[in-house]
Amino acid sequence: SLSQILLQVELRGQCNYRNMKERQEVREGLFTMILKNSCLVMKKYQYNDQFGFAYPETWEVGNDGNLISVYDPENGLGALQFTLYEVVEPSGIDLISEFEDYLGDRHGHFEIQTGGDFVYCIVKDEEGVGWRYWLFIQGNTMVFATYNCEQQDKGKEDQEVERIIKSILN
């Protein structure tokens with residue numbers, strides 16, 4: 001099948017010859033995402049007409065209403081979750097203020113970073129669990145994304161998580 005061929009190409013590193021700029025090539029519902037001279041075969045998940053994302057072919061998606069979980073069932077170390085809220089007037093929402101309220105209730109020290117249409121933060125809780133948070137709006141949907149893993153696993157799934165997030169925010 002095409003997905004097996006794309007996976008073999010990825011595993012052999014044969015897509016590294018391609019353009020170093022980020023781009024996507026779509027084939028039969030799967031596509032290869034090329035980012036900084038590396039590639040990953042991705043699937044597309046569409047929640048509604050305003051929110052969807054790409055995720056690694058070997059990962060799974062679980063949907064429980066407005067909570068979507070994305071994880072590697074075989075080798076996963078953490079979970080990326082999206083909580084979706086329908087908003088009536090998205091232009092009236094102050095993402096930084098909303099983010100500060102949420103983080104202030106859970107973490108003593110945090111530093112919010114902005115990235116244009118989203119806010120982002122990385123923190124570690126008292127139990128040593130590493131957390132990454134994002135907050136952004138897609139159409140009339142406010143999306144709160146979280147990723148967590150044990151401190152000793154920090155960074156091991158960053159490439160996959162970043163690609164999922166980039167598939168939404170680009």
Side-chain angles (χ1 to χ4, degrees), residues 20-24 31 33-40 42-56 59-73 75-170:
M20 288 179 62
K21 292 182 180 177
E22 181 177 278
R23 69 177 196 221
Q24 299 174 354
F31 61 93
M33 180 179 258
I34 300 143
L35 179 65
K36 294 184 181 170
N37 219 21
S38 65
C39 65
L40 186 66
M42 306 285 276
K43 289 182 181 179
K44 184 78 175 162
Y45 177 84
Q46 195 66 43
Y47 175 78
N48 60 23
D49 61 339
Q50 297 178 13
F51 181 73
F53 55 88
Y55 64 99
W59 286 36
E60 291 185 5
V61 174
N63 182 329
D64 187 13
N66 71 330
L67 175 65
I68 301 167
S69 300
V70 189
Y71 57 93
D72 181 341
N75 306 307
L77 304 169
L80 177 62
Q81 295 188 311
F82 300 99
T83 307
L84 309 174
Y85 304 94
E86 295 302 315
V87 293
V88 177
E89 188 59 46
S91 62
I93 294 177
D94 180 355
L95 292 178
I96 293 174
S97 177
E98 294 287 335
F99 217 38
E100 285 174 341
D101 288 346
Y102 178 83
L103 294 172
D105 291 343
R106 286 155 185 78
H107 302 284
H109 176 71
F110 56 89
E111 184 177 324
I112 296 175
Q113 301 171 28
T114 60
D117 296 347
F118 67 97
V119 291
Y120 174 76
C121 185
I122 300 174
V123 295
K124 182 171 78 169
D125 67 17
E126 296 88 28
E127 288 91 40
V129 175
W131 289 88
R132 296 172 68 187
Y133 298 103
W134 298 263
L135 184 63
F136 53 92
I137 295 176
Q138 297 279 296
N140 288 333
T141 304
M142 184 167 65
V143 181
F144 179 62
T146 63
Y147 174 80
N148 66 4
C149 66
E150 295 299 324
Q151 194 61 29
Q152 71 266 16
D153 296 323
K154 180 180 175 186
K156 293 180 181 175
E157 291 184 324
D158 281 358
Q159 187 175 31
E160 292 86 352
V161 170
E162 286 298 323
R163 287 183 177 172
I164 295 168
I165 296 296
K166 279 183 172 285
S167 77
I168 301 165
L169 297 176
N170 286 340

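Because only heavy atoms are used, hydrogens play no part in the values below, and waters and symmetry mates are left out as well, while side chains stay in. Along the sequence shown, the residues carry numbers beginning at 1.
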Can you tell me how far apart [atom1] ([X]) and [atom2] ([Y]) are? Round to the nearest 0.5 Å.
X: Q151; Y: D125; atom1: CD; atom2: CG; result: 9.0 Å
X: E150; Y: K156; atom1: CD; atom2: NZ; result: 11.0 Å
X: I93; Y: I137; atom1: CD1; atom2: CD1; result: 4.0 Å
X: L135; Y: C121; atom1: CG; atom2: SG; result: 11.5 Å

Next item on the list: Take the angle between the ring planes of F144 and Y133 and call it parallel below 30°, perpendicular above 60°, tilted in between.
Entry: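 The rings of F144 and Y133 lie parallel, inter-plane angle below 30°.
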Margin query: If the test is side chain to side chain contact (heavy atoms under 4.5 Å, CB included), which one of I165, V61, V143 qualifies with F53?
Written below: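 So the option named by the test is V61.
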Could you report the tightest heavy-atom contact between [X] and [Y], atom names first, then the distance?
X: P90; Y: N140; answer: CG-OD1, 3.3 Å
X: K124; Y: H107; answer: O-ND1, 4.4 Å
X: L95; Y: F118; answer: CD1-CA, 4.4 Å
X: A54; Y: S167; answer: N-OG, 2.9 Å

Checklist line | Full working for side-chain contact (heavy atoms from CB on, under 4.5 Å) between L80 and W134 | finding: CA-CA 11 Å; L80 177 62; W134 298 263; 3.9 Å; yes
Item checked: Non-hydrogen side-chain atoms of M142 and L84 separated by less than 4.5 Å ->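 Counting from C-beta outward, M142 and L84 never come under 4.5 Å.
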Item checked: Any side-chain heavy-atom pair of V70 and Y45 under 4.5 Å ->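 Side-chain contact under 4.5 Å: no.
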Okay, side chain of [X], backbone of [Y]: is any donor-acceptor separation there less than 3.5 Å?
X: N63; Y: G65; result: yes
X: E157; Y: G78; result: yes
X: N66; Y: Y85; result: no

Take atom [atom1] in [X]; do more than 12 heavy atoms of anything else shown fall under 6.0 Å from it?
X: D101; atom1: CG; answer: yes
X: E111; atom1: CD; answer: no
X: D94; atom1: CG; answer: yes

Note to self: Please evaluate residues E160 and D72 with respect to the criterion side-chain contact (heavy atoms from CB on, under 4.5 Å), reporting the C-alpha separation (whole Å), side-chain torsions for both, the decisive distance (0.1 Å), and the verdict.
What the structure shows: CA-CA 10 Å; E160 292 86 352; D72 181 341; over 6 Å; no
Note to self: Between F51 and I168, is the side-chain contact (heavy atoms from CB on, under 4.5 Å) condition met? List the steps.
What the structure shows: CA-CA 8 Å; F51 181 73; I168 301 165; 3.9 Å; yes
Item checked: Option passing side chain to side chain donor-acceptor pair (under 3.5 Å) with Y102 (candidates E98, R106, E100) ->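 By the side chain to side chain donor-acceptor pair (under 3.5 Å) criterion, Y102 pairs with just one of E98, R106, E100: R106.
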Margin query: Test side-chain contact (heavy atoms from CB on, under 4.5 Å) on Q81 and L67; report intermediate values, then the result.
Written below: CA-CA 7 Å; Q81 295 188 311; L67 175 65; 4.1 Å; yes
